[in-house]
Number of protein chains: 2
Amino acid sequence: MSQSLRKQAVTAEDVAKRAGVSRAVVSRALSSNGSISPATKEKVLRAAQELGYQVNFLAQGLNRQRSHLIGVIVARIGDPFRSSLLESLLHEIQRRGYQALVTEITGEQDLVATLRRFTQFRVSGVIVTSGQPPEAIVNECVSQRIPVVGINRHPDIQFVDFVCSDNVSGARQAAEQLYDSGCRRFGWLNNCGSTWAGIQRGEAFFHALQQLGVDTQQQVRWFDAREEGYDGGFQAAQQSDEDLPEGIFCANAQLACGFLDGMRQRGKSAPADFHLIGFDNTPQSGQFSYQLTTLHQDVAEIANRALTRLLERAKNPLQPSRVEWVKVKLIYRQTSPLIG
Amino acid sequence: MSQSLRKQAVTAEDVAKRAGVSRAVVSRALSSNGSISPATKEKVLRAAQELGYQVNFLAQGLNRQRSHLIGVIVARIGDPFRSSLLESLLHEIQRRGYQALVTEITGEQDLVATLRRFTQFRVSGVIVTSGQPPEAIVNECVSQRIPVVGINRHPDIQFVDFVCSDNVSGARQAAEQLYDSGCRRFGWLNNCGSTWAGIQRGEAFFHALQQLGVDTQQQVRWFDAREEGYDGGFQAAQQSDEDLPEGIFCANAQLACGFLDGMRQRGKSAPADFHLIGFDNTPQSGQFSYQLTTLHQDVAEIANRALTRLLERAKNPLQPSRVEWVKVKLIYRQTSPLIG
DNA sequence: TTGAAAGCGCTACCAT
DNA sequence: ATGGTAGCGCTTTCAA
């Protein structure tokens with residue numbers, strides 16, 4: 001009661017006074033950093049408890065030159081996959097005792113400004129889930145010993161680690177499933193201006209089909225959605241002609257759901273008229289109206305590894321870049337059912 | 001180049017030296033707070049520019065007793081409505097020059113810990129989009145002059161402002177649309193353990209029906225979903241008997257989509273077999289496979305007002321609580337089409 | 001083991 | 001208009 005009425009927050013000094021020690025001791029008692037006798041530690045802790053003492057993170061961070069903040073850069077959170085990735089990242093960040101700073105960007109210039117702002121808060125690390133950070137600004141982070149990790153980004157920056165879903169394996173699984181289901185003419189659906197991950201999936205799909213003996217020149221069609229997301233997929237379906245490929249692989253779940261609906265509007269459905277495999281395994285792809293066969297991205301594992309990389313690099317900032325490929329798993333549903 | 005190699009970040013002191021002034025002047029030049037001649041200001045700004053100076057927000061915040069951080073408390077971001085609300089909040093926070101601190105909670109005790117952590121960062125404000133913060137911890141915020149605003153929360157805490165969608169108006173619009181479409185037997189679908197907003201929508205729906213002359217004792221059925229979200233709605237549909245009400249109102253979009261799919265599985269569809277109106281107008285509700293008639297929550301407006309309230313209360317912390325009701329709009333789609 | 005003291009980088013007050 | 005200076009609250013040597 002009296003506590004909730006005080007104007008000024010209680011400081012380490014107050015605790016020190018109450019415990020009858022110096023503030024240095026208080027600091028040690030709480031950070032368990034430096035030697036202190038069990039008895040006084042106990043005494044200090046009790047005093048802190050009684051006073052309701054809370055460390056001022058601003059002061060702590062200023063002194064240690066590092067806050068307990070981790071910056072996360074996202075874009076288009078409305079997309080179900082992105083929001084579930086963010087959810088996992090938040091979980092993981094909190095689980096490890098950090099606090100997330102999150103910024104949504106809409107373009108590359110936002111990215112630079114954001115990264116700079118993060119450095120101003122002396123963040124303990126940065127996680128980039130969208131955009132391709134320019135070398136220059138990343139170097140600023142590196143020189144300030146701020147670890148940066150990219151998720152599903154093109155892994156080509158020095159001193160930056162990457163965690164990516166294994167797109168190549170995913171594309172191969174998709175190709176094989178479609179081929180084994182009897183498809184011989186294929187389609188690849190992506191939106192123009194796609195992310196690196198989408199492009200990699202497409203290339204790997206072609207490659208896998210070639211290895212299966214498919215004449216990719218003749219037997220693979222290319223669907224380019226004008227825009228990303230559900231609407232892009234929907235329009236692509238509407239604009240496609242009657243000569244539909246038998247097996248279609250799609251860069252992500254939103255495009256796939258849109259495509260499915262666009263086809264449905266034209267009276268065509270999967271798996272009757274074509275097979276369709278998506279990526280991401282968003283909640284929506286499992287719903288009764290879609291039942292999309294899709295490659296599951298393990299967001300929990302991705303988040304876990306991202307944090308591990310971050311903390312690892314914090315210890316050893318100049319180690320060479322690492323890329324971790326996280327396993328993806330094909331979830332069989334209606335749009336390309338499991339055979340045999 | 002040389003800049004990116006420096007170990008230590010450049011400080012106001014460096015800028016002062018380069019510009020040939022004191023650090024106090026540097027501070028003024030950048031904060032435009034205190035008097036300074038245009039000439040020196042220009043000089044300082046140029047020096048800062050050349051050195052690539054960036055204010056250390058930790059130091060600034062420590063001194064000003066307030067960071068440029070705004071804490072946001074969320075839950076279950078995977079839910080499309082929640083993620084779009086978060087997206088709008090991030091936009092608004094960034095637009096006003098703040099940086100968002102976001103924490104996902106899974107229970108009320110997380111809420112207390114989070115709020116406390118926010119105070120440790122000396123946030124400029126807190127936005128609660130989930131959970132009901134206990135009076136005690138909110139008082140800690142109040143006593144530290146940290147403004148708190150709740151979104152779609154039960155507005156009953158002193159010194160806390162609230163921004164809520166106008167659930168009562170929404171429920172009335174739903175009731176009238178259903179009634180005007182000829183429905184005379186009604187249903188209300190919500191999950192048990194629903195949020196305050198859901199409950200308020202239900203109560204208002206009953207009340208509106210009464211005003212329309214409906215015998216709510218006899219003519220309104222109650223559907224209780226075991227769990228929240230799509231799955232809850234789906235199961236509720238499966239468990240319902242054959243005697244379906246003509247017009248059903250649903251607490252949110254996810255439940256509604258699930259219900260629609262559950263019914264679809266049983267061979268029933270809207271608007272042929274029943275009418276259905278949801279809340280939220282998530283992207284999914286507009287998709288071809290759902291086309292859900294729904295009440296649109298204006299998340300951009302909600303976010304805007306929340307920030308305005310926050311900054312307003314920062315100036316005048318002890319003003320009485322305010323509740324703002326944001327207009328909701330009925331979007332007519334297939335599950336209860338516009339008549340006439 | 002403990003305490004004194006020197007900062008971390010910035011802001012704001014008070015002289016000049 | 002400008003510069004000196006006293007903190008903001010904490011951590012961390014360095015002596016004792």
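Every chain is numbered from 1 and lettered A, B, ... according to where its sequence line falls, protein lines coming before strand lines.
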Chemist: Can you see which heavy atom on A:Gly52 is nearest to which on A:Val10, and at what distance?
Modeler: O-CG1, 4.0 Å

Chemist: For DNA chain C, determine which residues of residues 36-46 of chain A have any heavy atom closer than 4.0 angstrom to one of its atoms, and list them numerically.
Modeler: A:Ile36, A:Ser37, A:Thr40

Chemist: Less than 4.5 Å apart, any side-chain heavy atom of A:Glu140 and any of A:Leu115?
Modeler: no

Chemist: How bent is the helix from C:dT1-D:dA16 to C:dT16-D:dA1, measuring the angle between the end axes built from five pairs each, rounded to 10°?
Modeler: 40°

Chemist: Grab the two heavy atoms, one from A:Ile302 and one from A:Gln297, that are nearest each other, plus how far apart they are.
Modeler: CD1-OE1, 3.8 Å

Chemist: Please name the pair of heavy atoms, one in B:Val128 and one in B:Pro133, separated by the smallest distance, quoted to 0.1 Å.
Modeler: CG1-CD, 4.3 Å

Chemist: Throw together a table of side-chain donor-acceptor distances under 3.5 angstrom for residues 79-92 of chain B, partners on residues two or more places apart or in other chains.
Modeler:
{"unit_1": "B:Asp79", "atom_1": "OD1", "unit_2": "B:Phe81", "atom_2": "N", "d": "2.8"}
{"unit_1": "B:Asp79", "atom_1": "OD1", "unit_2": "B:Arg82", "atom_2": "N", "d": "3.3"}
{"unit_1": "B:Arg82", "atom_1": "NH1", "unit_2": "B:Ala75", "atom_2": "O", "d": "3.1"}
{"unit_1": "B:Ser83", "atom_1": "OG", "unit_2": "B:Pro80", "atom_2": "O", "d": "3.1"}
{"unit_1": "B:Ser84", "atom_1": "OG", "unit_2": "B:Phe81", "atom_2": "O", "d": "3.0"}
{"unit_1": "B:Glu87", "atom_1": "OE1", "unit_2": "A:Gly78", "atom_2": "N", "d": "3.3"}
{"unit_1": "B:Ser88", "atom_1": "OG", "unit_2": "B:Ser84", "atom_2": "O", "d": "3.4"}
{"unit_1": "B:Glu92", "atom_1": "OE2", "unit_2": "B:Arg95", "atom_2": "NE", "d": "3.1"}
{"unit_1": "B:Glu92", "atom_1": "OE2", "unit_2": "B:Arg95", "atom_2": "NH2", "d": "2.6"}
{"unit_1": "B:Glu92", "atom_1": "OE2", "unit_2": "B:Arg96", "atom_2": "NE", "d": "3.2"}
{"unit_1": "B:Glu92", "atom_1": "OE2", "unit_2": "B:Arg96", "atom_2": "NH2", "d": "3.4"}

Chemist: Which atom names give the shortest non-hydrogen contact between A:Phe159 and A:Pro317, and what distance separates them?
Modeler: CD2-O, 4.2 Å

Chemist: Can you tell which of B:Arg313, B:Arg153, B:Arg305 makes a salt bridge (Lys or Arg N to Asp or Glu O under 4.0 Å) with B:Asp161?
Modeler: B:Arg313

Chemist: Check the angle between the aromatic planes of B:His68 and B:Phe57 and answer parallel, tilted or perpendicular using the 30° and 60° thresholds.
Modeler: perpendicular

Chemist: Contact boundaries of DNA chain D with chain A (under 4.0 Å, heavy atoms), 5' to 3'?
Modeler: D:dG9 to D:dT13

Chemist: For the CZ atom of A:Arg309 and the CG atom of A:Asn304, what is their distance to the nearest 0.5 Å?
Modeler: 11.0 Å

Chemist: Treat primed atoms plus P, OP1 and OP2 as sugar-phosphate and everything else as base, then score nucleotides 7-16 of chain C 5' to 3': B for base contact with protein heavy atoms under 4.0 Å, S for sugar-phosphate contact only, - for none.
Modeler: BBBBBBB---

Chemist: Test: ring pair (Phe, Tyr, Trp, His ring centres under 6.0 Å). Region: residues 15-43 of chain A. Which pairs qualify, not counting sequence neighbours?
Modeler: none

Chemist: Can you name the nearest heavy-atom pair linking B:Val126 to B:Ile146, along with the distance?
Modeler: CG2-CG2, 4.0 Å

Chemist: Can you name the nearest heavy-atom pair linking A:Cys141 to A:Val148, along with the distance?
Modeler: CB-CG2, 3.9 Å

